[in-house]
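First the structure, in the form of structure tokens, and then the observations on it.
Chain identifiers are assigned alphabetically (A, B, ...) following the order of the sequence lines, protein sequences preceding nucleic acid strands; residue numbering begins at 1 within each chain.
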Amino acid sequence: MRKVFEKIYLGIILIFMYAPIVTLIILSFNSSKSRAKWGGFTLKWYTRLFSDQAVASALVNTLSIAVLATIFSTIIGTITCIAMIGLNSKLRSVIMGITNIPMINADIVTGISLMLLFRFLHIGSGFTTILLAHITFNIPFVMLSVMPRVKSLNFYVYEAALDLGATPLYAFRKTMLPDIMPGVVSGALMAFTMSLDDFIITYFTKGSGFETLSTLIYNEVKRGIQPEIYALSAIIFVVVLSLLMIIYRSPNNKTKEK
Amino acid sequence: MGKSLITLEHISKSYDGQLILDDLNLDIHENSFVTLLGPSGCGKTTTLRIIGGFEKPDQGRVVFDGQDITSLAPNKRQLNTVFQKYALFTHMSIEENIAFGLKIKNKPDSYIKDKIRYALKLVNLEGFEKRMPDSLSGGQQQRIAIARAIVNEPKVLLLDEPLGALDLKMRQDMQYELKRLKEELGITFIYVTHDQEEALTMSDHIVVMNQGYIQQEGSPETIYNEPENAFVADFIGDSNIIRATMIRDELVDILGTKFACVDKGFGENKPVDVVIRPEDVELVAPSEGTISGVVTDLTFKGVHYEMDVEACGYEWLVHSTRLSEVGTKVGIKVDPFNIQIMNVPVSEDEEAISETI
Amino acid sequence: MKLFKNAKSAFLMASPYLVWAVIFIVVPLAMVIYYGVTDTSGAFTFDNIARISESGYFKALCRSIALAFISTVICFLLAYPLGMILASMKLTRNTYLVTLFILPMWMNFLLRTLTWMTLLEGKGVINTVLEFLHLPTINIINTSGAIVLGMVYNFLPFMILPIYNSLSRIDDNVINAARDLGADSVQTFLRITLPLSVPGIISGITMVFIPALTTFAISTMLGGSKILLIGNIIEQQFTQVYDWHLGSGLSIVLMIFILLNMIIESISDKEGGIF
């Protein structure tokens, strides 16, 4: 009996979480513009979406920023994590402390603080500023994912490789990198998702006339929702959901859960 | 030994279609130190959990002091458990941990205070009241777990591999400690372990289990000297277990040579298993032995030498304080009293048991 | 530990990020504080911070705190039983299920909020269904209730994950030990399970309360333009009014709340529980 109640409870929460998303995806195939009527199945919102110039450029902006931010933040984050091994604990805690700031602070404050910086430095707003901002808030996520791997490294294996005549770089590549790699991969995926997904920080650092998908949606929504937005949302949901599935299925996370 | 305190009647239990316990029957006497001994997965922990009330058997009854307690909740049972890996409450001080059961029973504060002091003294950790469990070593945490259980004055203390996480030295110390505690408290201990040495050292009564069955129960001496089947012989200490033929009463054919023995009643020309402990194999001059062979391996073990002797196509394990170099020709002699004859498994279940060896 | 020849080479390797972090994390934060305590002429002043007491701003702050608080409580009440159920289902089988509950955490909250706009609208999906069933329609879009709903929907996974984590980390035998020592299931819950899950509860509260307190998009989308939260006020200072000093001053007020929250968190963490 208790089991039945538990299952019902889980079911209700799941419905609460996913029913709205499903509704929205269904609406994206609704040929009627009204949200109250089902006018038949259509793909016209999708075709209209793909022929929309503003959406196309926002998509390109979003993807290129996400890809570049992921690459830079993954490289910087991973190198820093490895460097942490050789640092004294004081410096290490300083770095971790600073890294924690963007994770703890409210996004709105991070956003406006970066906006003030970019205005002050007269860095042209748009692509560059958003990219810098995204790299900044992505690095902590990469480090969060790589750090446990670095901490659990077995240095004896590295020393054994040196002992067997390997050069330090070769030994690092063959012994440590494979151990860190799963953390790097899931960190990169995480960074990509965060970047793709960010709205608040992008909103404050974008300046005018430059849009990513998130800011485009926000502007559209304030004007009144068009069915194209449902189509766009549906696509983003599916893409982000698949990315997340990959992250959570990666072996790195499975071992973490154990 | 006192009267029967706990009786398990026809207990069966399976998980996900896998039979863990099959028609288990067991009597546990008052004031005894009973050890359930067996390899992992033999059902010993499940048996303990059924007694403690954390599992319900699929079939059978648990009788405690004449009362059926099969479906009684654990918090209503007059017994307490010392868990694997201690299971201390990490958010409470040592004092609060020990007081937990007494506070639940609404005992007066002064009584609780006395009890805590008494329990800590009993486990040699006086003055630890205010410490947190995390700040204690494994051995100390183990003692607190015991103290926490015994302040409730249970009639029976269940111990689930309590020494498993400790290092060797600590384990040996705790074995004596537990024995002393048992004497001082005068209650029944039911102890689960896979360590035969622990079982032999502490118990009054050992129950050897494998694959959900009780293989043999008895005093440590009986279990060690007169194992009833090959599994018990193999699990308790090192043994030479040899397939042989019982020619008639008190005469057995081992590897083609006749040995005198003391066992009777196995019939004539019947296949049997023979168990000879390594320390019972005497190495003598080749001419004086019942059979002869060659020493093939020698290891110094501290108190004795361990030797392998190849004789009649079998590698005999021999423990002796006198050394014979590798390559020496030796004779092998066994006192008739030290030849233990066992029935060869006949039923399917027993077959399964011997296959796991 | 001979990965680095000396501490210097490790420092050299960490320095790019260190420089980056100073420029893009420390300096911007310092700028917010600088703008917050100066006026347009650059003179030092506490006015920007003090203006939080003006009735419009103060009301927005109080409303933000109230709505964030209510949302946090609702999230907790929904998430705790859920966490217990998930934790009791035991490893292997449930990892997939747990993932399902926390996945929305990483999905764009703008879109998640958008779905509720669609559902709650006057002629939205919910009312259409209600009308079809001849039930009275609801009109909660552009109310505080809609904002709370949006917050709960958006931030619930942030409460579920830490609570589930802390509950699933409790050793079964600790629960068994409490039962063994005579505690019934209620006593076991109150004295063992709940206190041991406090770290998870606290981090869940933080992860819901802070974003709920500082949001502006949820209130814009579900509250119309009528209900302003402190996040909206700050946003307007930067995107419409262009009073960076006031915006920064109000941000400092927000940061004080975040800081307070962190202090409470670290204290209760050290003491191993507040119950």
Side-chain angles (χ1 to χ4, degrees), chain A residues 6 9-10 13-14 16-17 20-21 23-24 27 34-36 76 79-80 82-88 91 95 98-99 101-102 104-109 112-117 120 132 136 139 155 158-159 193 197 199-200 204 214 217-218 221-222 225 229 233 236-237 240-241 244 248 257, chain C residues 1-4 7 9-11 13-14 16-18 20-21 24-29 31-32 35 78 81-82 85 95 99-101 103-104 106-111 114-119 121 123-125 128 156 210-211 214 216-217 220-221 231 234-235 238 244 247 251 254-255 258 262:
Chain A
E6 288 181 352
Y9 188 76
L10 291 185
I13 302 269
L14 270 185
F16 173 64
M17 282 178 146
I21 297 171
T23 313
L24 190 122
L27 284 177
S34 152
R35 290 177 272 283
I76 299 173
I79 288 176
T80 312
I82 295 166
M84 295 281 249
I85 304 168
L87 295 179
N88 60 37
L91 205 56
I95 292 183
I98 298 175
T99 306
I101 294 175
I104 293 162
N105 210 342
D107 280 356
I108 184 172
V109 180
I112 59 168
S113 72
L114 283 165
M115 172 186 164
L116 290 176
L117 177 80
F120 179 74
L132 290 172
T136 305
I139 292 173
F155 290 97
Y158 173 76
E159 287 180 348
T193 322
D197 219 39
F199 164 67
I200 299 177
F204 284 106
S214 292
I217 292 169
Y218 188 65
V221 163
K222 286 216 285 197
I225 309 170
I229 293 297
S233 309
I236 296 178
F237 270 132
V240 173
L241 205 73
L244 289 167
Y248 276 95
E257 268 156 359
Chain C
M1 292 288 271
K2 280 184 283 179
L3 187 58
F4 298 97
S9 58
F11 183 75
M13 206 167 147
Y17 173 63
L18 215 52
W20 185 285
F24 293 105
I25 298 174
V26 179
V27 171
L29 214 56
M31 288 184 72
V32 173
Y35 273 101
L78 289 176
L82 187 76
I85 296 170
T95 44
T99 309
L100 210 56
F101 279 96
L103 268 195
W106 305 107
M107 277 198 279
N108 195 314
F109 83 95
L110 219 57
L111 294 184
L114 174 77
T115 62
W116 281 101
M117 279 177 84
T118 309
L119 291 173
E121 273 176 326
K123 282 191 177 135
V125 175
T128 309
L156 182 60
I210 300 294
T214 59
F216 65 93
T220 306
M221 292 166 80
I234 294 175
E235 185 238 349
F238 283 96
W244 296 357
S251 299
L254 269 192
M255 281 195 281
I258 295 169
M262 276 175 60

Pick one of side chain, backbone, both or neither for [X], based on which atoms fall under 4.5 Å of a heavy atom in chain C.
| X | result |
| --- | --- |
| A:S214 | both |
| A:L14 | both |
| A:I79 | both |
| A:M115 | side chain |

Which one of [options] has the most heavy-atom pairs closer than 4.5 Å to chain C?
| options | answer |
| --- | --- |
| A:I76, A:L27, A:L116 | A:L116 |
| A:T99, A:N88, A:I229 | A:T99 |
| A:L114, A:T193, A:I112 | A:I112 |

Check step by step if ring-ring contact (aromatic ring centres under 6.0 Å, His included) holds for C:Y35 and A:F120.
CA-CA 12 Å; C:Y35 273 101; A:F120 179 74; 8.3 Å; no

Geometric class of the A:F204/C:F216 ring pair [parallel <30°, tilted 30-60°, perpendicular >60°]:
perpendicular

Atom pair [atom1]/[atom2] of [X] and [Y] - distance to nearest 0.5 Å:
| X | Y | atom1 | atom2 | value |
| --- | --- | --- | --- | --- |
| A:I13 | C:L78 | CD1 | CG | 4.5 Å |
| C:L18 | A:I98 | CG | CD1 | 6.0 Å |
| C:I85 | A:Y9 | CD1 | OH | 6.5 Å |
| A:S113 | C:F24 | OG | CZ | 11.0 Å |
| C:T118 | A:L24 | OG1 | CG | 5.5 Å |

Taking C-beta and beyond as the side chain, do [X] and [Y] meet within less than 4.5 Å on heavy atoms?
| X | Y | answer |
| --- | --- | --- |
| A:Y218 | C:T220 | yes |
| C:T214 | A:V109 | no |
| C:P211 | A:D107 | no |

Heavy-atom nearest pair, A:L87 first then C:A14, reads CD1-CB, 4.0 Å

Considering non-hydrogen atoms only, spot the tightest contact between A:L10 and C:F101 and give its length.
O-CZ, 3.7 Å

Where does [X] contact chain A at under 4.5 Å (heavy atoms): side chain, backbone, both or neither?
| X | value |
| --- | --- |
| C:E235 | both |
| C:L82 | both |
| C:T115 | both |
| C:L110 | side chain |
| C:L254 | side chain |
| C:L119 | side chain |
| C:M255 | side chain |

Give the C-alpha distance, both sets of side-chain angles, the deciding distance and a yes or no for side-chain contact (heavy atoms from CB on, under 4.5 Å) between A:L132 and C:W20.
CA-CA 10 Å; A:L132 290 172; C:W20 185 285; 3.6 Å; yes

I'd like to know which of C:P16, C:P81, C:A21, C:G247 tops the heavy-atom pair count under 4.5 Å against chain A.
C:P81

Pick whichever of C:I210, C:L29, C:V26 has the most heavy-atom pairs under 4.5 Å with chain A.
C:L29

